[in-house]
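What follows is one structure encoded as structure tokens, with my remarks underneath.
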Number of protein chains: 2
Amino acid sequence: MATTSPLSKNPYRGTRDFFPKDKRLQNYLFSVMKKTAESFAYEPYDGPLLEEVDLYKAKSGEELINEQIYSFVDRGERNVAIRPEMTPTLARMVAQVHREISKPIRWYSIPNLMRYEKPQRGRLREHWQFNCDIFGAPTHLGEIEILNVASSLLKNFGANETHFEILLNDRRVVDGLFKKILQFDETTSYKLYKIIDKAKKVSSEALDKMVSEIILDPHKKSTFMEYLQLNSFNGLFTLLEKNKLQDELTIMKEFLSKLENSEIMKVIVYDPTIVRGLDYYTGLVFEIFDKHPDNRRALCGGGAYANLLQIFKEDPITGMGFGLGDVTLTDFLTTHKLLPDFTKIDLNVIVSYQTDDAYNLAMNLSSRLRQFGLKVETLLGINNFKKVFTMAEKKDVTFVVFIGEDEIKSNQVQIKNLKTKEQKNISINDFEMMKGFLC
Amino acid sequence: MATTSPLSKNPYRGTRDFFPKDKRLQNYLFSVMKKTAESFAYEPYDGPLLEEVDLYKAKSGEELINEQIYSFVDRGERNVAIRPEMTPTLARMVAQVHREISKPIRWYSIPNLMRYEKPQRGRLREHWQFNCDIFGAPTHLGEIEILNVASSLLKNFGANETHFEILLNDRRVVDGLFKKILQFDETTSYKLYKIIDKAKKVSSEALDKMVSEIILDPHKKSTFMEYLQLNSFNGLFTLLEKNKLQDELTIMKEFLSKLENSEIMKVIVYDPTIVRGLDYYTGLVFEIFDKHPDNRRALCGGGAYANLLQIFKEDPITGMGFGLGDVTLTDFLTTHKLLPDFTKIDLNVIVSYQTDDAYNLAMNLSSRLRQFGLKVETLLGINNFKKVFTMAEKKDVTFVVFIGEDEIKSNQVQIKNLKTKEQKNISINDFEMMKGFLC
């Protein structure tokens with residue numbers, strides 16, 4: 001156990017220690033995620049912490065593999081990585097079973113993930129991510145359900161349309177525009193996707209300059225800029241009509257018709273800059289944004305994909321899903337004051353004793369109370385009344401049990417309800433009466 | 001997304017994919033762990049997946065660091081490891097806060113851990129481990145509470161004294177015997193601890209041979225062998241008395257006196273071969289064993305330690321804790337048929353529609369039912385009655401909702417309870433009546 005230099009007490013850079021108040025908060029986030037997913041009939045799954053690097057190479061963008069992944073060679077010469085995201089694992093698992101199980105497949109998970117990032121607000125190296133995906137659903141209906149799950153999640157935390165909005169686009173629309181109208185090749189499209197991803201983060205001059213470097217034809221550039229300035233579904237429809245993108249128009253109109261009279265339309269906004277360009281999406285794409293000016297950032301991103309199983313040489317299957325991280329979610333809920341207080345332990349009863357002989361009695365009594373479903377702290381060692389009251393108050397506990405010399409003599413315990421000030425002496429073996437008083 | 005060779009669909013060696021039935025089972029294990037820990041006033045904590053290797057070097061045995069740890073150098077030249085156990089992280093966290101928070105500190109966690117092991121029954125490379133620890137409690141009382149938590153956990157899974165036993169010893173007793181009576185030096189003691197750890201796994205001849213190689217003095221060897229053959233507290237007391245180990249005798253007698261009349265004495269057995277020799281324990285040590293002949297193995301191990309914070313140059317603090325892994329626990333519960341069935345989804349209602357127009361209605365209705373706390377699957381696409389019934393039966397769902405052309409005309413939905421065969425037509429906006437029927 002000896003060591004020469006003092007060890008650091010801090011967690012590894014970009015990771016967190018969860019002390020009880022932090023972990024209770026996280027457990028609350030997880031419980032609302034679980035409840036929401038299961039209310040939509042999503043089933044839980046999980047996968048390994050490590051995957052072979054080939055899986056990520058096959059699926060992910062280069063940036064992730066080269067710079068952001070925690071990878072190493074194991075003792076068996078396997079090139080492995082700590083999962084930076086859940087989707088490749090999900091694809092691998094769905095590839096194993098999709099032929100045998102009935103569709104749609106609705107799955108959710110809350111894995112811990114690691115990315116080698118520069119730690120900053122909203123971004124840490126280790127985070128937990130809620131993942132919800134549906135496979136094999138009719139395209140628009142699966143897309144809408146996923147939007148509903150994401151939106152319901154935030155509502156189940158107490159958020160509403162004043163707090164967040166869903167910015168939405170469709171990769172088929174952007175691809176149609178790029179390929180059919182602007183006739184860009186793949187390289188140009190790829191570069192423009194990167195520019196679109198940055199569009200909101202740079203000045204209009206900088207944006208113009210970046211675009212001018214890629215699109216030399218002024219007419220094409222003007223169409224592209226016109227696209228980038230869209231801010232409504234109606235604007236999009238006009239652009240699609242003008243450019244005779246009939247298939248794309250049909251897709252978007254059908255999608256919207258399915259949302260008529262739905263609650264979720266209140267939070268959906270068309271946004272041409274949402275493309276999630278370096279990812280594997282092939283249909284609807286969306287991000288949920290915090291509307292608060294102090295925390296104007298994406299909470300959640302997702303979309304539809306058709307080719308996720310291709311890396312396993314499996315037939316295409318429609319898929320749609322999203323991921324939402326615990327760090328950005330906590331920032332969102334904190335910003336809008338939607339988090340309960342987690343500083344205090346959730347405890348029902350403190351069992352105390354005032355004489356050494358009473359320890360065994362206190363221990364056995366506590367066991368019985370736990371069988372009633374109560375959360376019971378048995379004080380270890382003798383504590384006088386005053387000290388017990390102070391502790392109970394600090395912990396916000398309703399009931400305290402005292403076992404002193406007098407109680408032992410009379411074969412009773414004294415139980416006090418600190419909220420109502422009611423107090424009872426109950427025979428040491430009358431667990432039914434105790435239950436009645438305590439539960 | 002293109003790849004030249006087909007990717008493996010299997011998880012990384014020694015890890016598991018958790019499909020929904022597996023994950024539901026694991027969630028059940030976790031929920032009983034959480035419930036048990038909180039019923040004893042233990043608070044949740046968690047730490048990072050990665051720690052600096054120095055932390056493990058300072059704390060753990062050599063074997064773990066050299067052969068079993070997943071370690072690598074990160075992009076910032078830090079030597080880091082995926083946590084193989086939780087205790088070093090726990091020590092680091094307690095070292096941060098122990099001066100400011102009231103004692104005893106009662107904490108639990110259920111982290112995923114990785115060790116580079118040869119996968120075999122009960123041992124995988126990735127597992128989850130329930131960890132419970134108490135710091136700053138009066139020695140025996142903390143020890144007994146930890147034994148109670150571990151035992152209650154198994155009881156809360158439905159196990160009883162016919163299924164498991166707690167094999168128990170005290171490092172102070174073994175150390176007293178080694179140092180005061182047998183006068184072994186540290187090297188000899190260390191070797192003998194290793195032999196004791198193996199004592200039950202080898203033949204008596206092999207054991208005799210191993211001991212003879214270390215202890216040359218026949219009198220000392222005979223005392224050591226006499227110790228190894230103990231099988232009761234009374235036998236231990238006799239040995240301690242004979243060798244005038246008065247302090248050790250007092251410790252053990254006081255410990256036992258605190259357990260008088262307690263339920264837990266039914267499952268406690270004295271076992272001289274339990275020493276957990278290569279670890280950091282300084283007091284009580286124990287392992288919980290499955291009593292079933294087909295699964296005769298340790299489920300859980302733990303003990304008392306006084307020097308856990310020493311690596312951080314902090315003052316000693318009494319500590320006691322245990323770890324219990326999900327793999328061995330599942331084997332135990334499976335062996336004794338204590339696991340519920342997790343093959344089916346937990347679902348309350350299926351909402352179906354029989355005409356395309358009804359999709360929006362079905363979606364909105366489902367949202368309302370979810371607000372009642374119901375788990376609702378909205379079928380995506382038109383399904384006839386027969387198909388809906390088949391699905392409901394397969395998923396063991398009680399309620400199905402039908403919205404067909406007739407229903408839309410009459411502004412009603414039809415709800416059927418498949419268990420009671422009761423059926424109701426309810427106005428499409430009468431959510432209170434729906435709630436009454438469904439909840």
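Note that the structure is a prediction, hence the values are computed from the model and not measured. To find a chain, count down the sequence lines: A is the first, B the second, and so on, and within it residues start at 1.
Heavy-atom pairs under 4.5 Å with chain B peak, among A:Tyr359, A:Tyr42, A:Tyr108, at A:Tyr359. Counting heavy-atom pairs closer than 4.5 Å to chain B, the top-ranked of the candidates A:Ser367, A:Gly142, A:Ala95, A:Ala91 is A:Ala95. Among B:Pro11, B:Gly14, B:Pro138, the residue with the largest count of heavy-atom pairs under 4.5 Å with chain A is B:Pro11. When A:Leu347, A:Thr36, A:Val97 are compared by the number of non-hydrogen pairs under 4.5 Å with chain B, A:Val97 comes out ahead. For chain A, the option among B:His140, B:Arg13, B:Glu51 with the highest count of heavy-atom pairs below 4.5 Å is B:Arg13. Between chain A and the options B:Arg78, B:Lys21, B:Lys23, heavy-atom pairs under 4.5 Å are most frequent for B:Lys23. In terms of non-hydrogen atom pairs under 4.5 Å with chain A, the most contact-rich of B:Lys34, B:Gln371, B:Lys258 is B:Lys258. In terms of non-hydrogen atom pairs under 4.5 Å with chain A, the most contact-rich of B:Leu361, B:Ile345, B:Leu379 is B:Ile345. No other option in B:Glu38, B:Glu263, B:Gln26, B:Lys9 has as many heavy-atom pairs under 4.5 Å with chain A as B:Lys9.
Only the backbone of B:Leu374 comes within less than 4.5 Å of a heavy atom of chain A; no side-chain atom from C-beta onward does. In this structure, the portion of B:Glu314 lying under 4.5 Å from any heavy atom of chain A is its side chain and not its backbone. Of the two parts of B:Val349, neither the backbone nor the side chain holds a non-hydrogen atom closer than 4.5 Å to a non-hydrogen atom of chain A. Heavy atoms closer than 4.5 Å to chain B are found in the side chain of A:Asn148, but not in its backbone. Interface residue A:Phe19: backbone and side-chain heavy atoms are both found under 4.5 Å from chain B. Heavy atoms of A:Ser257 lying under 4.5 Å from chain B belong exclusively to its backbone. Interface residue B:Ile134: only side-chain heavy atoms are found under 4.5 Å from chain A. At a 4.5 Å heavy-atom cutoff, the contact between B:Ile82 and chain A is made by side-chain atoms alone. The contact between B:Asp46 and chain A is made by backbone and side chain atoms together, counting heavy-atom distances below 4.5 Å. At a 4.5 Å heavy-atom cutoff, the contact between B:Asn27 and chain A is made by side-chain atoms alone. Heavy-atom distances place no part of B:Lys155 under 4.5 Å from chain A, backbone and side chain included. If you measure heavy-atom distances from A:Lys35 to chain B, you find no contacts under 4.5 Å at all. Neither the backbone nor the side chain of B:Val73 comes within less than 4.5 Å of any heavy atom of chain A. Proximity to chain A (any heavy atom under 4.5 Å) is shown, for B:Glu260, by both the backbone and the side chain. The contact between B:Met114 and chain A is made entirely by side chain atoms (from C-beta outward), counting heavy-atom distances below 4.5 Å. Neither the backbone nor the side chain of B:Ser366 comes within contact range of chain A; no heavy atoms are under 4.5 Å apart. Residue B:Ser109 does not touch chain A at all, counting heavy-atom pairs closer than 4.5 Å.
The closest side-chain heavy-atom distance from A:Ile69 to B:Arg75 is below 4.5 Å. Inter-residue side-chain proximity for A:Ser262 and B:Met363 is flagged as met; some heavy-atom pair is nearer than 4.5 Å. Residues A:Leu380 and B:Arg106 meet the side-chain proximity criterion, which asks for heavy atoms closer than 4.5 Å. Between A:Thr15 and B:Leu49, the closest side-chain pair of non-hydrogen atoms is not below 4.5 Å.
From B:Leu50, atom CG reaches atom OH of A:Tyr70 across 6.0 Å, with rounding to the nearest 0.5 Å. Here the OG-CG distance, from A:Ser71 to B:Asp74, works out to 11.5 Å after rounding to the nearest 0.5 Å. To the nearest 0.5 Å, atom OG1 of residue A:Thr378 and atom CZ of residue B:Phe40 are 7.0 Å apart.
The nearest pair of heavy atoms linking B:Ser8 to A:Phe312 is O-CE2, 3.5 Å. Between B:Leu7 and A:Ala58, the shortest heavy-atom contact is CD1-CB, 3.5 Å. Taking all atoms of both residues into account, the shortest heavy-atom contact from A:Tyr116 to B:Gly76 is OH-N, 3.0 Å.
With hydrogens and angles disregarded, no donor-acceptor distance shorter than 3.5 Å links the side chain of B:Glu377 to the backbone of A:Ala41. Between the side chain of B:Asn364 and the backbone N or O of A:Asn261, at least one donor-acceptor pair lies under 3.5 Å.
A:Glu43 and B:Arg24 are joined by a salt bridge, as a carboxylate oxygen and a charged side-chain nitrogen come within less than 4.0 angstrom of each other. Salt-bridge check for B:Arg92 with A:Asp17: passed, with a basic side-chain N closer than 4.0 Å to an acidic carboxylate O.
Classified by interplanar angle (parallel below 30°, tilted 30° to 60°, perpendicular above 60°), the ring pair A:Phe72/B:Phe72 is parallel.
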Verdict with supporting geometry, B:Lys394 and A:Ser102, side chain to side chain contact (heavy atoms under 4.5 Å, CB included): CA-CA 11 Å; B:Lys394 202 175 148 195; A:Ser102 57; 3.8 Å; yes
